[in-house]
> 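So that we are looking at the same thing, I have put the structure below in structure tokens.
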Amino acid sequence: MKRNALVLVASIAAIGFAQSATAGTLEKVQESGSITMGIRESSKPLSYLDGDQKPIGYHIDICNGIVEAVKVKLKLKTLKVVHQPVTSQNRIPLVTNGTVDIECGSTTNNAARQNQVAFAPTTFVSNVRMAVKKSSGIKGLSQLSGKPVATTTGTTSVQLMRAHEKGQGLDFKEVYGKDHADAFLMLETDRAVAFVMDDNLLAGLIVGSKNPGEYEIVGEVLNVEPIAIMLRKDDPQFQGLVNAAVRDMIKSGEVDKLYKKWFMSPIPPKGENLNFPMSEKLKEALKSPNDNPAEQYNVKK
Amino acid sequence: MNYHWNWGIFFEQVKNGDETYLDWLITGFGWTIAVSLTAWIIALTLGSVIGTLRTTPRGWVVALGNAWVEFFRNIPLLVQMLLWFFVVPELLPKDLSMWVKQDMPAKEFITASVCLGLFTSARIAEQVRAGIQSLPRGQLYAGMAMGFTLPQTYRYVLLPMAFRIIVPPLTSEFMSVFKNSSVAFAISVLELTFQSRQMQEDSEQGIETYVAVTILYFVCAFIANRVMGQIEQRTRVPGYVTGKH
């Protein structure tokens, strides 16, 4: 029985090997007349569903610009856009196996991922910080020693705290929510005194909470994460087109306009305003567009 | 598929730490075993008591046992986990509630073990009841006729046979405990499923991660199966249902 199971596992792996590499994305789009966009359901305001379950957001708008460029390049009159919801667990497999052509979500560009996929020039930069209740009086890492700190499963924020110079030698008691909403619930119900996560996500959770005035984002920047649109690796034709399209949008000021639309104005579905000004790091990244991984943003001094 | 395979990933260092991914999986495996065995002890103890009570002649005791079983059987395990973790502490007095939420030692481990234990106890209670009721009525009367009290009849006549009869379904239940313990990741127990998600996200070698985790769960459940198989062999009564003639 045990041997059978091993054979099964081995054959599943073999199927993976046997699948030949997909042909160029542009050829595929030309042939099928459609392109598949990976979207997130709740990565506000980068990529999420509005009241009618339609994907909207900052990265969706940028991707729509890319799709226009594909249409022009292939001289197509119409191009059908298929929206495929993805999660942080399946987004990379779905891009590598050809299900999704372009992922428009909230994916951090890092070196490990560059082994599997390629990234468009960085269009958003988030800082890992913490959300606390104002009443707790917590202002920085050093006040968290011995206290429970929440984060989300599949993220490595607590390790970042330990790695940070001010966090060394301190004892953090980490608790993990199975998703961002659960992790925020831990802060809300006092299971944790702080929630460590990307600041844009924290801002979104706070704005959407019952008493937004109760919370604030404080403390040291634990990590800087370039966030970008993701596509298949080793497809220079498509990658070149995506790069050019994104660079054009950055140069023309379109990206600036979209940033104001999604981060500085009321957004659907409830009309809340994140009031999240552009960070210096993002301004830099837009000044000289690049696909540098997170590791280059966080060089230890 | 453009997948970049790397089976050596388990021996590589994690991004922000000194340990390897294999260390993560081993820690996770340890917590999986700890939660499962603790839950199994709780489940076996409570399940036996409640299953037995459900066969007694006292009407209200039977009703209580039935209520227990239906309550824990009819709510999904994940929902029960979240109820114990997020809701129950809010019902306690304020100071105690804060203690449970922030200072109680090993709070996630205890919550998960108790929750999984109670969930499984309902299923074991059902099997114990079925085991006792499968015995001929004559055995109860025989015990009484010997001058045993009701508890003595259960202790010396009914339960020893009933437990032998239900070893096969208990085997399944014991294996299920290991597999069900994976739900504990939702309330922050750092067990195998949790570590696999962590490793998947950190290393981006998802397929290798899940293959390793599959094998570890399989090994767990398979060992549980063999242990119970041994117990079945050793305790069988020759000539009776589970024994060979």
Side-chain angles (χ1 to χ4, degrees), chain A residues 1-2 5-6 9-10 12-13 15-22 88-90 92-93 95-98 110-117 146-148 150 153-156 158-164 173-179 182-183 185-186 189-193 223 232-235 295, chain B residues 1-7 9 12 14-19 78 81-82 85-87 89-90 94 97-98 100-108 183-190 193-212 214-215 218-219 222 225-226:
Chain A
M1 203 172 137
K2 197 169 176 183
L6 284 177
V9 169
I12 291 170
I15 294 166
F17 284 117
Q19 293 261 335
S20 62
T22 34
S88 54
Q89 263 82 42
N90 69 19
I92 288 183
V95 167
T96 55
N97 77 9
N110 64 34
R113 288 180 184 154
Q114 288 196 2
N115 284 334
Q116 305 283 7
V117 291
K147 300 225 171 84
T153 315
T155 63
T156 47
V158 175
Q159 286 163 296
L160 293 174
M161 291 166 58
R162 293 215 173 91
H164 192 273
K173 287 195 273 180
E174 59 266 45
V175 280
Y176 293 86
K178 70 173 165 31
D179 48 38
D182 265 17
L185 185 59
M186 289 182 177
T189 58
D190 298 311
R191 272 219 167 250
V193 298
N223 206 34
R232 250 183 307 286
K233 207 174 138 96
D234 302 326
D235 185 355
E295 283 76 2
Chain B
M1 193 159 88
N2 282 329
Y3 192 79
H4 169 91
W5 295 90
N6 178 11
W7 288 99
I9 186 72
E12 286 176 23
V14 304
K15 264 191 215 136
N16 292 292
D18 304 325
E19 64 272 36
L78 177 62
M81 284 279 174
L82 297 175
F85 193 70
F86 282 116
V87 181
E90 300 302 323
K94 194 156 179 293
S97 162
M98 279 310 271
V100 168
K101 286 191 285 192
Q102 295 199 357
D103 299 318
M104 187 168 92
K107 47 193 180 298
E108 296 88 10
V183 172
F185 94 89
I187 60 165
S188 188
V189 177
L190 311 187
T193 301
F194 172 90
Q195 297 290 9
S196 70
R197 290 169 73 109
Q198 211 68 358
M199 175 175 167
Q200 195 277 137
E201 192 75 11
D202 207 53
S203 68
E204 296 308 340
Q205 300 293 341
I207 299 184
E208 293 88 335
T209 306
Y210 290 124
V211 167
T214 306
I215 293 172
F218 183 88
V219 166
F222 193 73
N225 173 297
R226 288 296 84 215

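Numbered from 1 within each chain, the chains take letters A, B, ... in sequence-line order. All of these numbers come straight from a predicted model, not from anything done at the bench.
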> Strictly distance-based, threshold 3.5 Å: is any side-chain N or O of B:E108 a donor or acceptor partner for the main-chain N or O of A:V175?
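Side chain of B:E108 to backbone of A:V175, a donor-acceptor pair under 3.5 Å: no, none is there.
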> Are B:E90 and A:T189 side-chain neighbours, meaning at least one heavy-atom pair lies under 4.5 Å?
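With C-beta onward as the side chain, the pair touches.
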> Select one option (side chain, backbone, both, neither) describing which atoms of A:K147 are under 4.5 Å from chain B's heavy atoms.
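No part of A:K147 comes within 4.5 Å of chain B.
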> Measuring heavy-atom distances to chain A, does B:M199 have an atom under 4.5 Å in its side chain, in its backbone, in both, or in neither?
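When you check distances to chain A, no heavy atom of B:M199 falls under 4.5 Å.
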> Look at B:S196, B:G206, B:S97, B:A186 and state which one has the largest set of heavy-atom pairs under 4.5 Å with chain A.
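Heavy-atom pairs under 4.5 Å are most numerous for B:A186.
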> From the options B:Q198, B:E201, B:Q195, select the one residue that forms a side chain to side chain contact (heavy atoms under 4.5 Å, CB included) with A:T153.
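Among B:Q198, B:E201, B:Q195, the one meeting side chain to side chain contact (heavy atoms under 4.5 Å, CB included) with A:T153 is B:Q198.
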> Whether the side chain of A:K233 engages the backbone of B:Y3 through a donor-acceptor N/O pair (distance < 3.5 Å, no angle test) should be reported.
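Absent.
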> Does the side chain of A:K178 come within less than 4.5 Å of B:S188's, by heavy atoms?
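Side chain of B:S188 against side chain of A:K178, heavy atoms only: no contact under 4.5 Å found.
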> Closest heavy-atom contact between B:S203 and A:A112?
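Minimum heavy-atom separation between B:S203 and A:A112: O-CB, 4.0 Å.
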> I'd like to check A:Y176 versus B:L190 (side-chain heavy atoms, cut-off strictly below 4.5 Å). Are they in contact?
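Sidechains of B:L190 and A:Y176: in contact.
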> I need the residue from A:N90, A:V117, A:L185 with the largest number of non-hydrogen atom pairs under 4.5 Å to chain B.
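Sorted descending by pairs with chain B, the first entry is A:L185.
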> Check whether any side-chain heavy atom of A:D182 sits under 4.5 Å from a side-chain heavy atom of B:L82, and report yes or no.
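In contact.
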> Look at A:D234, A:D190, A:I92 and state which one has the largest set of heavy-atom pairs under 4.5 Å with chain B.
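Among the listed options, the one with the most contacts to chain B is A:D190.
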> So, the side chain of A:Q116 versus the backbone of B:H4: is there a donor-acceptor pair under 3.5 Å, distance only?
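Yes; at least one donor-acceptor contact below 3.5 Å.
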> Is there a side-chain contact between A:R191 and B:K107, using heavy atoms and a 4.5 Å cut-off?
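Result yes, sub-4.5 Å side-chain heavy-atom pair found.
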> Going by heavy atoms in the side chains, are A:M186 and B:K101 under 4.5 Å from each other?
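A side-chain contact under 4.5 Å is absent here.
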> Could you tell me whether B:K15 and A:E295 have a side-chain N and a carboxylate O separated by less than 4.0 Å?
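A salt bridge is absent here (no side-chain N lies under 4.0 Å from a carboxylate O).
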> Side chain, backbone, both or neither: which part of B:V14 has a non-hydrogen atom closer than 4.5 Å to chain A?
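For B:V14, side-chain heavy atoms alone lie under 4.5 Å from chain A.
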